[in-house]
Amino acid sequence: MSIDENENNRLRAERLRKLKSLQEEGVNPYPYAFGRTHKAEQLQKIYEGLAPGEETQDVVKVCGRIMNERNTWMFVDLYDESGKIQLFCHKENLSEQDLKRLRLCDKGDFLGATGTIRRTKQGELSVKVNSYDILTKSLQPLPDSWQGFTDVEARYRHRYVDMIINPEVRETFRKRSLVIKAIRDFLDNRGFFEIETPVLQVEAGGADARPFITHHNALGIDLYLRIATELHLKRLIVGGFERVYELGRIFRNEGISTRHNPEFTMLELYAAYGDYNELMDFTEEMLVCAHDAICSGMPVVFEGKEINFARPWKRLRMVDAIKGVTGVDFTNITTYEDAKVAALKLGVEVKDLENRGAIVNEVFEALVEHTLLHPTFIIDYPVEVSPLTKAHRKNTGEVERFELFALGRELANGYSELNDPLDQRKRLEEQARKKAAGDLEAMPMDQDFLLALEYGMPPTMGLGVGIDRLVMLLTNSISIRDVIAFPTMKPLVQETKEGRQETRL
RNA sequence: GGGUCAUUAGCUCAAUGGUAGAGCAGUUGCCUCUUAAGCAAUUGGUUGGAGGUUCGAAUCCUCCAUGACCCA
């Protein structure tokens, strides 16, 4: 609907009529401020012991959004961020003009009220209103609060309405904020510095993913939005920082699903002088801390399934995890051809995979990943799928890498970082070869990163955590869109007579 | 990319080829210590868009748009 069409909307027209009436009476429907004395929740707490029918002479000022009205505006449910407080508007305390003017309000308007505290006979704590101010006139009708607002598309497109009507939505984003704060506090308390690295990059490296491309006019060059922060955070370790992290937005030009949004939030941290064994302990501690921030002492229950967060978490070699589920032991399958045969026998498609390690990884993803309900570290990945990870100290063909799974989903990815500059160069050359051969997700050569490694990066452990997926797990959210306030949506377009496309709401 | 389903009033939903409806919201009035307040009356629609079949289409067909779920 465009604004013009909306002029004809009768519900909006009704509100515009009321707005005009208020203005004609000299009332400013959009004043500048209101001096509140208490939030709703505070009052509920302070007057918890007040018996039904009792009242006090305590004068308070409250404000919030009108969500319901009963008995021709005698009772008004006012909601602020903390909760609900009822207003009691009786003719004993308000002039006839004030009572009449109150009827120019609508559900959705913001109101400030001054009055005394009384608990009604029915037991509802109320502010007995002596005077009120209209703080904002709302022109749009709210969805029915009893039937709810359930249209998924409309909820995402107009998230603010979703938040007004569905309180649990606001609660999810409050929890998200607390999780992120807990993680930052955890890291800050352990000597980490958060350093911001470039979003716009000449080469998008550090992960296997297709980047977004954009253009810098003054330089006349294309730039990519980052798909990871890894290569720059490692440069900081080279530069002398020993503990760094960045918790920020990552962009990947891939499909949209219940688990993928083109922009999402990732934590990456790097700490010098540690390896992946130490990093697993660290990861457990940090995520338990994040969990405690919003559901301390409570088990995580996701769709009826209880997730056991108790430490220590299971650590399982990838080949052993595959053996456990399928009975096939890939330690004895050393050639590409044999691996291909074994995978096909298990019903796993391998047609685009060009080496043994990629096949092992594919078998794991296809058959094992979804079975990992409780937090589990899968360790010791094939070298071919881990171009930035240090070779395993004992096992040939493997690297010192883990991924953390819970509820069948990848939550985190960590490793002993590859700091041998010559080995790293070889690995990136292999990636460049794949890219040249048409693999859109292969990493580009980042010569400056290789140069940095040649100056020397100390032994380092590094971790990436998908914050959105973590919040999904901790808030029992089925879709990533439920934990991203404004998820990416296809714009609605409308063909016009001229063949032009026009955005509508 | 493929499959299945969906899109009707501000919201939640009916109407299976034969006059587009209900509840809530809105408006008007009554009532005045209510909790989804109640009672009465009443307004509100290009049935997502474009074509087609038919005497007749929300309904059947084709295409398009958007979304949800499943699959890759």
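Treat the numbers as computed from the prediction; the structure is a model and nothing was measured. A note on names: the letters A, B, ... follow the listed sequences, proteins ahead of strands, and every chain is numbered from 1.
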_At less than 4.0 Å, is any side-chain N or O atom of A:K107 found next to OP1 or OP2 of B:G10? Yes or no._
no
- Task: Pick the P atom in B:U16 and in B:C61, then give their distance to the nearest Å.
- Result: 16 Å
The answer to which of A:P143 and A:R103 contacts RNA chain B further toward the 5' end, by nearest nucleotide, is A:P143
Does B:U34 have OP1 or OP2 sitting under 4.0 Å from an N or O in the side chain of A:R70? no
As its Watson-Crick or G-U partner within any shown strand, both distances under 3.5 Å, B:U35 has none
TODO: For residues A:Y224 and A:F212, establish whether the separation of their ring centroids is below 6.0 Å.
DONE: no
Between CZ of A:F88 and C1' of B:U32 the distance, given in whole Å, is 9 Å
Mate of B:U42 across any strand shown (Watson-Crick or G-U wobble, both atom pairs under 3.5 Å) is B:G26
Rounded to whole Å, CG of A:L125 lies from P of B:U34 at a distance of 16 Å
> If you draw a 6.0 Å radius around CZ in A:R210, do more than 12 non-hydrogen atoms from other residues or ligands fall strictly inside?
Replying inline: no
Atom NE2 of A:H90 and atom P of B:C31 are separated, to the nearest Å, by 14 Å
Against the side chain of A:E14, the closest entry in B:A68, B:C31, B:G26 is B:G26
Inset, instruction - Flag the pair A:F330 / A:M318 as yes when at least one side-chain heavy-atom distance between them is below 4.5 Å, and no otherwise. - result: no
Check your understanding: So what does A:Q86 touch, heavy atoms closer than 4.0 Å: a base, only the sugar-phosphate, or nothing?
Key -> base
For B:C60, the nucleotide meeting Watson-Crick or G-U wobble distances (both under 3.5 Å) is B:G52
A:K18 NZ to B:G26 P, in whole Å, measures 7 Å
A:L367 CG to B:A72 P, in whole Å, measures 11 Å
Practice item. Sticking with atom P, work out how far B:C13 lies from B:A50, rounded to a whole angstrom. Key: 25 Å
ask   = What integer number of Å spans the P atoms of B:G52 and B:C39?
value = 49 Å
Note: A:N130 and A:L94 closest approach over all heavy atoms is O-CD2, 3.3 Å
Of the candidates B:U27, B:G67, B:U32, the side chain of A:D106 sits closest to B:U27
Partner of B:G1 under the Watson-Crick or G-U wobble criteria, both distances under 3.5 Å, comes out as B:C71
TODO: Taking atom C1' in both B:A36 and B:G1, compute the distance separating them and give it to the nearest angstrom.
DONE: 46 Å
Separation of B:A68 atom C1' from A:R157 atom CZ, nearest Å, is 13 Å
- prompt: Contact class for A:K84 (heavy atom, under 4.0 Å): base, sugar-phosphate, or nothing?
  reply: base
Between B:U47 and B:C60, how far apart are the C1' atoms? Round to whole Å, please.
16 Å
Checking A:F377, A:W313, A:F364 against A:F405 for ring-ring contact (aromatic ring centres under 6.0 Å, His included), the one that qualifies is A:F364
Residue-phosphate contact under 4.0 Å: A:K490 side-chain N/O, B:U66 OP1/OP2: yes
Taking the same atom, C1', in B:U19 and in B:G23, what whole-Å distance lies between them?
22 Å
Given the C1' atoms of B:A41 and B:U46, what is the spacing between them in whole Å? 29 Å
**Request:** Please evaluate the base of B:A25 for a donor-acceptor partner in the side chain of A:D144 within a cut-off of under 3.5 Å?
**Result:** no
Out of B:G67, B:G44, B:U32, minimum distance to the side chain of A:R10 belongs to B:G44
Check your understanding: Does A:R119 place a side-chain N or O at less than 4.0 Å from the phosphate oxygens OP1/OP2 of B:C33?
Key -> no
In Watson-Crick or G-U wobble terms, with both distances under 3.5 Å, the base opposite B:A15 is none
Any N/O donor-acceptor pair, A:E124 side-chain to B:U34 base, under 3.5 Å = no
Note to self: Once you apply a heavy-atom cut-off of 4.0 Å, does A:R155 come out as touching a base, just sugar-phosphate, or nothing?
What the structure shows: nothing
Problem set entry | Flag side-chain contact, heavy atom, 4.5 Å: A:V383 against A:R427 | yes
Mate of B:U7 across any strand shown (Watson-Crick or G-U wobble, both atom pairs under 3.5 Å) is B:A65
- Message: Below the 4.0 Å mark, does B:U12 have OP1 or OP2 next to a side-chain nitrogen or oxygen of A:T150?
- Response: yes
Rounded to whole Å, CZ of A:F149 lies from P of B:G10 at a distance of 13 Å
Contacts of A:K121 and A:P141 projected onto RNA chain B by closest heavy atom; the upstream (5') one is A:P141
task = Just call it for A:D151: base, sugar-phosphate, or nothing, with non-hydrogen atoms closer than 4.0 Å on any strand.
result = sugar-phosphate
**Message:** Using atom P in both nucleotides, what's the gap between B:U8 and B:G3 to the nearest angstrom?
**Reply:** 24 Å
Under 3.5 Å, is there an N or O donor on one side and an acceptor on the other linking the side chain of A:R118 and the base of B:C33?
-> yes
Atom CG of A:L142 and atom C1' of B:G26 are separated, to the nearest Å, by 13 Å
Could you tell me if the side chain of A:L463 sits less than 4.5 Å from the side chain of A:F402, heavy atoms only?
yes
* Geometric cation-pi criterion A:R401 and A:Y381, 6.0 Å radius, 45° cone -> yes
